[in-house]
Amino acid sequence: MQGGLAEQHLIPRPPPFPPGTQLSEHYSVEGLVRLSEGRMFYLANDDRPDRPRKFCWECGSDETPRAAASCVRCGADLSPRRFLISVRWETSGYEPFAAFFDKQLDHPGLVSPVDLFFQDGVLCSVTPWGGEGLMLDEGSPLGMAQVLELAQRATGMLAFLQSNGVRLATLTRANFLVRRDGQFLLFDPEVAQVYEGPVPEAHRSIEVAHLGAILRRYTPATAVEVHDFFLSAEEGTFASPFEFGRALEELLATEPEEPPVLTGAMSDVGLCRVLNEDNWGWVCLQPGIFLYVVADGMGGHESGEVASEMAVSTICHVARERLREARDPSDETLENVLDEAFQAANNTIKDHSIRMGNDMGTTLVAALVSQDRLALVANVGDSRAYLLRHNVLHQVTRDHSLVARMVEQNRLTPEEARNHPHSNILLRTVGTERNVDIDIFRVELEPGDQLLLNSDGLWGEVEDEDLEAVLNHYSDPRLVCRELVRAAHHGGGRDNITVLLVGTPKG
Ligand code: CA
């Protein structure tokens, strides 16, 4: 989607530091490793050919000549060290983060920055790097044991921060590192305010809601009870990490089953945008019936990401309410529920847009999968559903875009459409008009079938034959998602990328 004028209110991402850039006193950039909303992550080392002497991280001495291997004062090993440097450029976050840094908090679940400095107007925070990955690169879902362990650790972490007066502005998966043993560590938090004493009672709930949102997305839709528990946290049920933690313990006592992993999902800001306006969701509507959704919002800052989030949560909520009481729903009932849920999402966004006096809308593609037998696929806009059957990829949905219509009328080839200057003009979107027509496609599922829902940030950057190759190459849906996002980056990453994969068991 086009960002629109509103996106100009966002501070653009500054140009990256090239490899070899010397940062502050000690660091040399190896490379930019990842972009996320509001952050750039670099790997760096302290091997500085421009310095005649080495710095010792143990005793602070800078008297050791470059050629020596250990510190002349304390004897510590001075082999080059590696660091993860996080760069933020939203100036409002600078002061609270510096206050957090000054506290030098120590907790096993927290990776505290060891250094903080400005360079070229951006704030750089430095943490030692021991091969950890970014949670940003972890596709959903995680194994249940890992989800619950993350829930416990993060809850303890939030309580620790609050008792030390640190209130977070938000919490996203960009704030976690993953150790090689699979453990998650909080790092580089988005700090709102630092208090002298503990965070006041009234401000202790928001982090739990953000944590609930992260955990829900990493929980398989098939683990219904745990999924719903995190959803309730996201909706603000718990006043503090302490309350959440107590309820979590009761849940842990029930030992949820490990569901088979047939689905995967991932959303990524891409390489050019500052904001991710895509969204996705999955939910169990009743035993054996699941709904999967991808939305690509438009309208710019405080519009696009709101519209796509609203669309996903409304469609999941409404479909679930409608199917809650239905016994053995017929295919016709399922189709009606899907249509109703789309209309509800449309009206919710339209109403909100009128209240706010701005234009917002979203694409929406959804798959309602019943008993691994039937998929009802519905779409509005140019987010797509594909079916992989017997290793061959088929496009299920038709884009409601100007160029897609021109292709249908033989006025453009599919290749010309891909690179057309007006390829982003949509003929139908959710939330822009009072009524919206949706297309519904019936797919009679066969064992081993896979459905791929995605925003145009994927299919616009990766040719169908390459999508097919990735889907056929990997069997773990989480790996497929990660590789598809990588392929979109490789193609240019000009837009937000969202992928959601639904598999049916092999016969
Ligand atoms: Ca898009």
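This is a predicted model, so every value here is computed, not measured.
- Considering all non-hydrogen atoms of both residues, Leu211 and Ala151 come closest at CD2-O, 4.4 Å.
- Among Asp278, Ile497, Asp268, Asn496, the single residue meeting the side chain to side chain contact (heavy atoms under 4.5 Å, CB included) criterion with Arg273 is Asn496.
- Between Thr219 and Trp282 the shortest heavy-atom distance is O-NE1, 3.0 Å.
- A distance-only check finds no donor-acceptor pair linking the side chain of Asp466 to the backbone of Val462 [under 3.5 Å].
- Put simply, the side chain of Ser308 gets close to the backbone of Glu277: a donor and an acceptor are under 3.5 Å apart.
- Scanning all heavy atoms of the two residues, the minimum distance from Asp50 to Pro52 falls at O-CD, 3.9 Å.
- Nearest heavy atoms, Ser383 versus Asp296: OG-CB, 3.7 Å.
- Sorted by first then second residue, the salt bridge (Lys or Arg N to Asp or Glu O under 4.0 Å) pairs that include residues 79-93, not counting sequence neighbours, are Glu30-Arg82, Glu58-Arg81, Arg88-Asp188.
- Taking all atoms of both residues into account, the shortest heavy-atom contact from Trp459 to Asp382 is NE1-O, 2.8 Å.
- Arg13 has no carboxylate O lying under 4.0 Å from a charged side-chain N of Glu37, or vice versa, which leaves the two without a salt bridge.
- Arg51 CZ: more than 12 foreign heavy atoms inside a 6.0 Å radius.
- A salt bridge is defined here as a Lys NZ or Arg NE, NH1 or NH2 lying under 4.0 Å from an Asp or Glu carboxylate O, and Arg418 with Asp456 fails to meet this definition.
- The side chain to side chain donor-acceptor pair (under 3.5 Å) contacts involving residues 105-121 comprise Tyr27-Asp115, where partners must be two or more places apart or lie in separate chains.
- For the residue pair Gln162/Glu207, the side-chain donor-acceptor check at 3.5 Å is satisfied.
- Listed by first then second residue, pairs satisfying salt bridge (Lys or Arg N to Asp or Glu O under 4.0 Å) with a partner in residues 129-156 read Arg34-Asp137, Glu138-Arg478, Glu138-Arg482, not counting sequence neighbours.
- Between Tyr94 and Phe118, the ring center distance clears the sub-6.0 Å criterion.
- A salt bridge is defined here as a Lys NZ or Arg NE, NH1 or NH2 lying under 4.0 Å from an Asp or Glu carboxylate O, and Glu63 with Arg73 meets this definition.
- Looking at Asn279 and Arg217, their side chains do bring a donor and an acceptor atom within 3.5 Å of each other.
- The aromatic ring centroids of Phe83 and Trp57 lie less than 6.0 Å from each other.
- At a cut-off of 3.5 Å, with distance as the only test, a side-chain donor of Arg48 or Gln22 sits close to an acceptor on the other residue.
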